[in-house]
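Proteins come first, then strands; the chains are lettered A, B, ... in the order of their sequence lines, and each starts at number 1. Keep in mind the model is a prediction, meaning the values are calculated, not measured.
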Amino acid sequence: MSIARIPIGALIGLVLTAMFLIMAIFAPWIAPFGNGEIVGEVWAPMSSAHWLGTDNIGRDLLTRIIYGARTTIFIAVLATALSFTLGAVLGFTAAVVGGWFDTIMSRFVDLLMSIPTLIFGLVVLSVLPSTMLTLILVMGILDSTRVYRLSRAVAVDINVMDFVEAARLRGEGTGWVIFREILPNALSPLISELGLRFIYAVLFLSALSFLGLGVQPPNADWGGMVKENKDGIVFGIGAALIPAAAIAALAISVNLVADWVLNRTTSLKGGRG
Amino acid sequence: MGGATVAKLIAQRIALGVLLLLAVSVLIFAGTQILPGDVAQSILGQAATPQALENLRRELGLNDPAYIRYFRWLFGILQGDLGTALSNKRDIATALSGRLANTLFLAACAAVVSVPLAILLGLLAVRYRNGIIDKAISGFALASTSLPEFFIGYLLILVFAVKLQWFPASSTVYDSMSFLQRLQAVVLPATALTLVVLAHMMRMTRAAVLNVMQSAYIETAELKGLSPLKIIRRHAFPNAIAPIINVVMLNLAFLVVGVVVVEVIFVYPGMGQYLVDHVSKRDVPVVQAVGLIFAAVYITLNMVADIAALLANPRLRHPK
Amino acid sequence: MAEAQSKARPKPRAEGALLDIRNLRIEATVYPPGEKPRDVVLVDDVSLKLERGKVLGLIGESGAGKSTIGLSSMGFGRGGVRLTGGEILLNGRDLRKTGAGGLRRMRGREVCYVAQSAAAAFNPAHKLMDQVVEAALEHRVLSRAAAEKRAIELFRKLSLPNPETIGERYPHQVSGGQLQRVMTAMALCSEPDLIVFDEPTTALDVTTQIDVLAAIKEAIRDTHVAALYITHDLAVVAQVSDEIMVLRHGKLVEWGGTHQIIKEPRQAYTNALVSVHQIEHQEHAPGVTPVLSVKNVTASYGGGTVKVLKNVSVDVFPGQTLAVVGESGSGKSTLARAITGLLPPLEGSITFDGRTLGNKLADRSRDDLRELQMIYQMADVAMNPRQTVGTIIGRPLEFYFKMHGRERDQRVAELLEKIEMGKGYADRYPAELSGGQKQRVCIARALAAKPKLIICDEVTSALDPLVAHGILELLLGLQAEEDVAYLFITHDLATVKSIADSIAVMYRGEVVRYGSKSTVLTPPFDDYTDLLLRSVPEMEIGWLEKAIQGRKMAGAGN
């Protein structure tokens, strides 16, 4: 697969996603100022010294965005990894093993999904301490229900196909069936879902932080930065929109990549690529 | 005819909904019991003496086993008693009633605009499939599912409240306001909500209608020489109505949840803002009550979606 | 009815042929994933002429372009198919030059369409009657009352049960065979000049097909409508057509009178299609000890009360073939599931190579599994699309014989030779093979285990006749070489005659007739076997009428 064959939309998505990742990883080296450093006036406009202006207490906004990328992406990645591992392992197992395990797991997931994620998240966060670990666990576990549903559905579809039956008739064990027969065929919908879950985690985390229930000061993710700067809006100062736009840009770029992955390999066509 | 069968299926679905709601109430109750600390600790803070804690626990009945407290809470709710807020000692039900009405008003305003608009745009996308309109709509959908609510919300405030000054920046409503004044107050939050759900609803409408339009019986109708309008009216519409109702209901559920963040952005005195305030204050009884109400609305809308699908299915209406 | 007719818009009626297609060219754009879209030619330079009241059969294998040509006679291209060249003259005017409004006035009025799957072609939301009369009302051919009266007459003519009330039903309330006839009535209702029948009996069981076929034939004769009859089955088309056109890869191969095509074909390809069923297979006498012995097996799904297998007993002898014949719902595939251990029987026992097999898959030894292999109907889904042919065939070698590396590759190459494909295919993925090649790879995978018995579940049903013929010959050759026994499950009696040594006929979960091929196929027959044998289309003009007259019981579709 050469670069020229990647559609322009996906290419933009890939480049932007990579840029955000680099920003997050190398934040201390890239950022022009220190994270908490007060370097100018309150809500100074964009200038050559402060490309994006300053925030509500005079910190450099670009620096905050770069460090915010770190927090946002770090928590979102871990939450996604947790939701994926948990959801996919349980989903595949439920599909292949079936029986009571499948019934109990599936009913429980139905129950969890009958409460809107944000509401349930708020209920739980009202009693848990506001730490990053809590956020990762709550987001990861709540979101794993979606992954569970998808991986179970995909695996159930593949599990009834004749080639899986042929493997069973040959005498293959459950391990071979899951990892050699089902997983390779379930990979592309799952990878695309990985992108969507990550976006969801970013948006969910931002919403929580915006509501003041996510990342706690002095740390700030992008959602928290929106909260910090929101009072400027009524004075016509758009500083709050900058972190919000960063969230949107990250989400759109990952979306473009996920869309492309899903379209490129439609699950059971198989073969090369 | 299959009236009896459908009635039975609907009864089953309603029973399932009630059961689900009960299970959800258990889950919400259990969700607030995870920590070793309890309400008494929250009220009195870390510095409280053991004796003061013990007194308050006895007063609030916290020494009873969890299941007894659960049933006490549940029966209270069934009788309309949502308990008392810890933070200000006020009756939750009284505090909520006005806010619930505000939230429903906002959600209804958004629904009145977004539902017809989404269906219209979804149909346009199908009509001009793969054309400019379709591409624009799916591009818009991609953007809108990636935009956080506060981006849309603050952008609206910045442009329409601060720069143009057409609408107030914060959507305060109070009892003495006239209907028109209220309407003016909710224009911006309702617009934000509409933009949040529109893309999703449109995309689902498009998929549902497209699914019907690609059926073999549409080709049959075309090969009978029917005009496009008649094909849509007579052959596509009766089969597309159920999936569309389904889409609408699911999105209304989505809308009711989206209200939470939008209310905070626009400082709108509804349930969402009330919930968020009390989560920060760790006011568990309020959070439980409001969480349960949100879940109930959500479950009911999903149930209506399922029932609509049942009613529209000819195989169930006319069994063999 | 003449009165009602006068209200209709006049139909153009030119002199000469009803349908005159000249140098037709049809193209479509395909969008292969990950590649640039490109145009493919579906039909190239095909001309045909159809007189009023005549029936022309269009025949060919999949991809021949026969349905595409059929729909072009209505000026219709399915899913982005474009009519790019030539003329399509219907009643004297060129459909390629007719606008959308003109095509609408023509469709459903001059030409009507009968689809392969009536179940999908009817709108589930409306009663049958409303759909049957719709075209007649739309084009103001008849008043509502007259149209309904005509519909009921047509229902009666097509021997549908309860012709007066069947129109009040919804599509899902009527069986597949009946629905196909209702669709024919729908096509006839607006009194068109031409009907396009697109594989109208292909999806039906043979004993249902014969009734639908007879009904269609009678309706065509009585209404004097012209027809394009599209099918892949030459024996079927020979019953209804005046002329037959043979197509291949979108090009015309041969066009002639029905008698000429089936008795004196001029082209090699036509000849191959005509002679396709004839493999002479001399049956072997049953041996002494069977390799597989099924004794009094009863089974049901989900432990339920509905028995899908009732007291079934059959034997398969080493190196021989037992054909299990039956229609859908006869329990023949369930028998395979019981033998393989996928569906543990409720009662009875299964003995294999002298030892009693465990009921469940988990109770069987690795040698039990190895010696009893299975080949599926749909080769596409019987192979993991993410594995190469080499992996697919090589896995049983690794798994059963611990063969690895060069030794395994060597053996894979040998097996590929055996299935006449050559070792170059080892690196291919299933998606890169043709339908016949896929089935061959599945055969090689089964052979790799050195089995004593292979269960073949409808292995040729999804293939075009010529390809299926090649697979049958391969199976017979391999049987002689490897001395493997087959349990051959099929609904197709012609296949049975080509391959079986003994036959079991199944009907509603029971074996109704069982014995050596010659005894089973020699009269006197029981009623069901008689029906089944008579229902298999023969390439003989007039077979249909003879078959219908001689039957002892009616087909299941009624």
Review point. B/Ser280, B/Pro148, B/Ala295, B/Gly291: which one forms the most heavy-atom pairs within less than 4.5 Å of chain A?
Key: B/Pro148
Check your understanding: Picking from B/Ile299, B/Val24, B/Leu20, B/Leu292, what satisfies side-chain contact (heavy atoms from CB on, under 4.5 Å) with A/Ile115?
Key -> B/Val24
Review point. Heavy-atom distance under 4.5 Å to chain B: side chain of A/Leu122, backbone, both or neither?
Key: both
Review point. Do you know which of B/Ile152, B/Val276, B/Asn302 has the most heavy-atom pairs under 4.5 Å to chain A?
Key: B/Val276
Review point. B/Leu155, B/Asp283, B/Asp277, B/Val290: which one forms the most heavy-atom pairs within less than 4.5 Å of chain A?
Key: B/Leu155
Check your understanding: For the candidates A/Ala207, A/Pro116, A/Ala245, which exhibits the highest count of non-hydrogen atom pairs separated by less than 4.5 Å from chain B?
Key -> A/Pro116
Exercise for review: Below 4.5 Å from any heavy atom of chain B, which atoms of A/Leu241 appear? Answer side chain, backbone, both or neither.
Suggested key: both
Review point. Is A/Asp221 paired with A/Arg70 through a side-chain N to carboxylate O contact shorter than 4.0 Å?
Key: no
Point to revise | Short side-chain donor-acceptor distance under 3.5 Å, B/Ser25 and B/Tyr70 | key: yes
**Study point:** Spatial distance of atom CE (B/Met201) from atom CE (B/Met204) [nearest 0.5 Å]
**Key:** 9.5 Å
Review point. What part of B/Tyr154 lies closer than 4.5 angstrom to a heavy atom of chain A: side chain, backbone, both or neither?
Key: both
Practice item. Let me know if A/Tyr200 has heavy atoms under 4.5 Å from chain B in its side chain, its backbone, both or neither. Key: neither
Exercise for review: Mind checking the OG-CG spacing from A/Ser206 to A/Leu250? Nearest 0.5 Å is all I need.
Suggested key: 9.0 Å
**Study point:** Cationic N near anionic O, under 4.0 Å, B/Glu263 to B/Arg99
**Key:** no
Practice item. Go through the structure and list residues passing salt bridge (Lys or Arg N to Asp or Glu O under 4.0 Å) with A/Arg197, not counting sequence neighbours. Key: A/Asp143, A/Glu193
Review point. With respect to chain B, which residue among A/Leu256, A/Leu213, A/Ile199, A/Val254 yields the maximal number of heavy-atom pairs within a distance under 4.5 Å?
Key: A/Leu213
Check your understanding: Rounded to the nearest 0.5 Å, how far apart are CD1 of B/Ile265 and CG of B/Leu188?
Key -> 11.0 Å
Study note, to complete from the structure: Whatever's closer than 4.5 Å to a heavy atom in chain A on B/Leu21 counts as neither
Exercise for review: For chain B, find which of A/Ser114, A/Ala249, A/Ala248 contributes the most heavy-atom pairs closer than 4.5 angstrom.
Suggested key: A/Ser114
